K.L.:
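What follows is a structure written as structure tokens; I'll ask about it next.
Since the model is a prediction, treat every value here as computed from it, not as a measurement.
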Amino acid sequence: MVLDPKVGRVRVVLTIAGSDSGGGAGIQADLKTFAAMGVHGATAVTALTAQDTRGIIAVQEVTPEFVAQQIDVVVADLTVDATKTGMLGNAAVVETVVAKVAEHGLRPLVVDTVLAATSGERLLAPEGLTKLRAHLIPLATVVTPNLSEAEALTGSPVQSLEDMREAAREIHALGAQAVVVKGGHLPQSAEAVDVLFDGAEFVELRRPWIRTSNLHGTGCTFASALAGGLALGLAVGPAAELAKELVTQAIKRGLSLGQGRGPVNPVAILYERAGRLDPI
């Protein structure tokens with residue numbers, strides 16, 4: 001963790017998201033990313049998943065009341081500098097999160113619109129998506145959909161860079177201050193491109209394409225790094241650039257674990273900063 005001399009303490013980011021029993025995505029990826037960013041991570045767990053590198057086997061949702069209690073106790077004790085939402089599961093939890101964001105002024109707020117797993121399992125019920133569009137996105141500092149999530153939010157195909165720009169416009173019109181449409185699922189090319197739109201201009205976040213199957217947790221890692229940058233006082237543009245670089249480095253250092261898609265590895269960055277490649 002890094003002591004911020006401006007406030008005399010370590011900055012804090014709250015993640016409101018689901019748990020990944022395999023450790024690759026969800027709050028586990030969030031906490032690893034926060035550590036890599038030098039901020040402290042607090043959590044409000046919305047769902048427990050039984051999953052591994054191959055996919056999700058089962059989901060146990062947390063009651064909205066307990067989600068609210070987790071948020072309340074964190075805010076009562078810690079100064080939260082930024083908040084990130086991930087898997088919310090159902091409409092009741094979305095409504096609870098909306099109420100708590102408003103009650104506690106949980107901003108800046110990064111909304112990672114987790115709607116389904118890459119392996120196909122639905123992670124937000126349809127009525128939850130309606131609530132998210134109408135009530136949570138308007139509270140967001142930044143929304144970070146991937147291509148399929150952008151399609152669900154806009155009702156239109158998103159299959160090209162121009163489609164990504166149009167989707168960003170439409171999602172911004174829902175009330176978010178800024179949108180990053182992540183292009184990682186576009187057909188492979190020389191570069192991986194995300195599109196940032198703040199209502200005034202577009203910025204393309206570009207990095208060389210990395211050929212690997214170890215990509216589990218990329219979306220969570222990007223959104224968490226973005227929230228970490230905002231917590232540290234960066235504006236949206238620089239925070240998004242920093243998040244793009246961090247997730248790129250985490251992909252490069254991805255772990256070949258399990259029988260499916262291995263996780264990205266933001267923690268490796270910590271070891272490299274200390275002058276070594278592993279914790280031994």
K.L.:
Linking Ile, Leu, Val, Met, Phe, Trp and Tyr by side-chain heavy atoms under 4.5 Å, what else ends up with Leu3?
P.N.:
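Traced through the cluster, Leu3 reaches no other member.
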
K.L.:
What residues, two or more places apart in sequence or in another chain, satisfy side-chain contact (heavy atoms from CB on, under 4.5 Å) together with Gln69?
P.N.:
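Once residues adjacent in sequence are excluded, the partners of Gln69 under the side-chain contact (heavy atoms from CB on, under 4.5 Å) criterion are Phe66.
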
K.L.:
Would you mind listing the cluster partners of Leu257? Hydrophobic ones only (ILVMFWY), side-chain contacts under 4.5 Å, chaining allowed.
P.N.:
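The other cluster members (ILVMFWY side chains, heavy atoms under 4.5 Å, direct or chained) are Leu255.
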
K.L.:
Got a sec, which residues hit side-chain hydrogen bond (donor to acceptor under 3.5 Å, both in side chains) with Ser156, two or more places apart in sequence or on another chain?
P.N.:
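Testing Ser156 for side-chain hydrogen bond (donor to acceptor under 3.5 Å, both in side chains), a comparison that skips the adjacent residues, returns none.
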
K.L.:
Which pairs of donor and acceptor atoms, one on a side chain in residues 214-221, lie under 3.5 Å apart (sequence neighbours left out)?
P.N.:
{"unit_1": "Asn214", "atom_1": "OD1", "unit_2": "Gly262", "atom_2": "N", "d": "3.3"}
{"unit_1": "Asn214", "atom_1": "ND2", "unit_2": "Ser256", "atom_2": "OG", "d": "3.1"}
{"unit_1": "His216", "atom_1": "NE2", "unit_2": "Asp20", "atom_2": "OD2", "d": "2.9"}
{"unit_1": "Thr218", "atom_1": "OG1", "unit_2": "Leu215", "atom_2": "O", "d": "3.3"}
{"unit_1": "Thr221", "atom_1": "OG1", "unit_2": "Gly217", "atom_2": "O", "d": "2.8"}

K.L.:
Check side-chain contact (heavy atoms from CB on, under 4.5 Å) between Ser160 and all other residues, then give those that pass, not counting sequence neighbours.
P.N.:
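With sequence neighbours excluded, Ser160 shows a side-chain contact (heavy atoms from CB on, under 4.5 Å) to Glu162, Asp163, given in chain and number order.
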
K.L.:
Quick one: which residue pairs count as a ring-ring contact (aromatic ring centres under 6.0 Å, His included) with a foot in residues 85-104, not counting sequence neighbours?
P.N.:
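Residue pairs passing ring-ring contact (aromatic ring centres under 6.0 Å, His included), neighbours aside: none found.
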
K.L.:
Of all residues at least two apart in sequence or in a different chain, which pass the salt bridge (charged side-chain N to carboxylate O under 4.0 Å, His left out) check with Lys182?
P.N.:
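Once residues adjacent in sequence are excluded, the partners of Lys182 under the salt bridge (charged side-chain N to carboxylate O under 4.0 Å, His left out) criterion are Asp112.
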
K.L.:
Considering only residues two or more places apart or on different chains, which pairs with a residue in residues 25-65 satisfy ring-ring contact (aromatic ring centres under 6.0 Å, His included)?
P.N.:
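Every candidate ring-ring contact (aromatic ring centres under 6.0 Å, His included) pair involving residues 25-65 fails, so no pair, neighbours aside, qualifies.
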
K.L.:
Keeping to residues at least two apart or across chains, list the side chain to side chain donor-acceptor pair (under 3.5 Å) pairs with something in residues 125-142.
P.N.:
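Only Glu95-Lys131 qualify under side chain to side chain donor-acceptor pair (under 3.5 Å).
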
K.L.:
Which residue pairs pass the ring-ring contact (aromatic ring centres under 6.0 Å, His included) test with at least one member in residues 141-184, sequence neighbours excluded?
P.N.:
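Residue pairs passing ring-ring contact (aromatic ring centres under 6.0 Å, His included), neighbours aside: His172-Phe197.
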
K.L.:
For Glu204, enumerate each residue passing the side-chain hydrogen bond (donor to acceptor under 3.5 Å, both in side chains) test, keeping only those at least two apart in sequence or located in another chain.
P.N.:
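Checked Glu204 against side-chain hydrogen bond (donor to acceptor under 3.5 Å, both in side chains); matches are Arg165, Arg206.
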
